[in-house]
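Here is the structure we will look at, set down as structure tokens.
Read the numbers this way: they start at 1 and go in the same order the structure lists the ligands and their atoms. The structure displayed is predicted, hence computed values, not measured ones. The chain is numbered in sequence order, starting from 1.
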Amino acid sequence: MHHLIDITDLTVAELDEVIELALDIAKDRPKYNKKCADKTLATLFYEPSTRTRLSFEAAMLELGGNVLGFSDATTSSVTKGETLSDTIKVINSFADMIAMRHYNDGSALVASRNTRIPIINGGDGSHCHPTQTLADLLTIKRELGRLDNLVVGMCGDLKFGRTVHSLTRALMRREGIEFVFISPRQLDMPSYMKHEVAAAGFKYREVEDMESVMPELDVLYMTRVQKERFYNPAEYERLKDTYILNSDKLRAAKEKMAVLHPLPRVNEIAIEVDEDPRAAYFRQVENGKFIRMALICKLFDWRGSDKENPQMHGAMIDPEGMKCPNPKCISYVENVPQIIHLVSKEHDKYRCVYCETSVVKAPQE
Ligand code: NCD
């Protein structure tokens with residue numbers, strides 16, 4: 001069974017296939033309008049969303065399929081205490097594929113272990129958001145004509161922003177990418193991501209101001225400060241307006257740079273920038289629908305394959321008996337015996353298989 005939990009669940013070749021198909025869909029939409037005529041997609045959104053859920057639903061409807069689901073978990077049995085695992089088992093009888101968003105890190109992996117139908121992760125806590133990454137890659141490809149040899153600036157909340165985690169992972173499998181992480185120190189990239197980038201042999205820099213790096217960038221990926229993930233509201237207030245991209249700052253940028261943003265925007269891009277030809281974020285929304293159409297088609301095509309969740313390779317009960325230190329990890333919440341405290345070992349370190357937080361007595365995240 002092929003799921004999309006993390007962007008690396010797709011090989012680079014598979015990812016390119018999805019992108020190629022999305023490009024064809026964008027060119028010839030009528031050709032695909034019956035592709036999923038007998039299929040139903042369930043959208044289970046435990047967390048607020050406009051674009052991602054509607055994008056999945058619009059994608060499925062354009063493929064001639066059906067959709068069902070919920071956009072507000074308070075109307076689902078979760079309020080009666082139902083576990084995510086049980087909800088997923090139930091939905092298996094009603095749909096052919098599930099796209100889900102959940103506030104706990106690692107939730108989509110838990111879902112994929114309890115299903116007979118493909119699971120697509122539409123965002124799990126602050127962990128991953130692989131379908132946004134697909135939209136981002138298609139946008140970069142359409143705006144700049146390539147996915148290699150790029151200087152990519154990611155700006156804003158790199159700590160809690162799940163989109164930048166998935167995008168970094170995807171770009172690490174391309175050639176000649178140079179990362180510039182632009183954030184206040186309190187919101188910098190998680191250390192597990194930085195280790196991964198360095199271990200893969202990519203260059204990255206961390207800076208606190210966007211102005212000094214602006215002239216070098218091919219892509220500027222803006223993100224919102226993720227208010228809902230802060231433990232301390234005063235800290236959010238202090239950091240929320242750290243970056244505001246405006247026309248003045250853009251003057252120093254390359255003529256061919258692309259400005260992306262997963263949206264929703266709060267204050268981080270001034271409205272005046274929308275008129276700039278480099279502002280690609282609304283085109284990115286449309287690309288999101290095309291790429292989700294392509295992904296749905298491909299996951300149905302690949303359904304017969306017996307692909308395992310790569311996350312589960314080498315998974316074991318933590319030999320030191322330690323718990324995942326991330327209170328937002330699904331392993332805290334989901335009270336099912338096989339879910340609790342599984343770790344995998346990489347370079348002599350243990351990490352939680354669900355949220356990837358380090359569980360060694362080592363430097364803190
Ligand atoms: C992003 C998300 O949900 O992580 N939005 C989206 O899917 N388009 C970004 C965000 O909420 O800031």
How close does the nearest protein non-hydrogen atom get to atom 3 (O) of ligand 1, and which residue and atom is it? R162 NH2, 2.9 Å
Under a 4.0 angstrom heavy-atom cut-off, which atoms of ligand 1 come close to R224? 10 (C), 11 (O), 12 (O)
Please verify whether a non-hydrogen atom of E47 lies at under 4.0 Å from ligand 1. no
Below the 3.5 angstrom mark, is there an N/O of T163, backbone or side chain, next to an N/O of ligand 1? no
Hey, are E235 and R238 close enough for a salt bridge, meaning a charged N less than 4.0 Å from a carboxylate O? yes
Side-chain heavy-atom pair Y354, Q311 within 4.5 angstrom cut-off: no
Partner of R142 under side chain to side chain contact (heavy atoms under 4.5 Å, CB included), chosen from I19, L23, L137: L23
Just to confirm my output: which protein heavy-atom neighbour is closest to atom 8 (N) of ligand 1, and how far is it? P262 O, 2.8 Å
Under the side-chain hydrogen bond (donor to acceptor under 3.5 Å, both in side chains) test against H127, which residue among R162, E356, H102 passes? E356
Numbered atoms of ligand 1 (with element) below 4.0 Å of R51, judged on heavy atoms: 8 (N)
Salt bridge flag under 4.0 Å for residues K194 and D188: yes
Within-shell test, T223 vs ligand 1, heavy atom, strictly < 4.0 Å: no
Proximal ligand 1 atoms for T52, defined as those under 4.0 Å from one of its heavy atoms: 6 (C), 7 (O), 8 (N)
Indicate yes or no: does an N/O atom of P264 lie under 3.5 Å from an N/O atom of ligand 1? no
To which protein heavy atom is atom 7 (O) of ligand 1 closest, and what is the distance rounded to 0.1 Å? H129 NE2, 2.7 Å
Apply salt bridge (charged side-chain N to carboxylate O under 4.0 Å, His left out) to residues E196 and R169 and explain how you reach the verdict. CA-CA 8 Å; E196 247 178 76; R169 261 197 188 145; 2.7 Å; yes
Given side chain to side chain donor-acceptor pair (under 3.5 Å), test R292 with T131 step by step and report yes or no. CA-CA 7 Å; R292 287 185 176 95; T131 65; 3.0 Å; yes
Interfacing atoms of ligand 1 (cut-off 4.0 Å, heavy-atom, Q132): 6 (C), 7 (O), 8 (N)
For atom 5 (N) of ligand 1, what's the nearest protein heavy-atom neighbour? Residue, atom name and distance, please. L263 O, 2.9 Å
What class does the angle between the rings of Y204 and F181 fall in, given that below 30° is parallel, 30 to 60° is tilted and above 60° is perpendicular? tilted
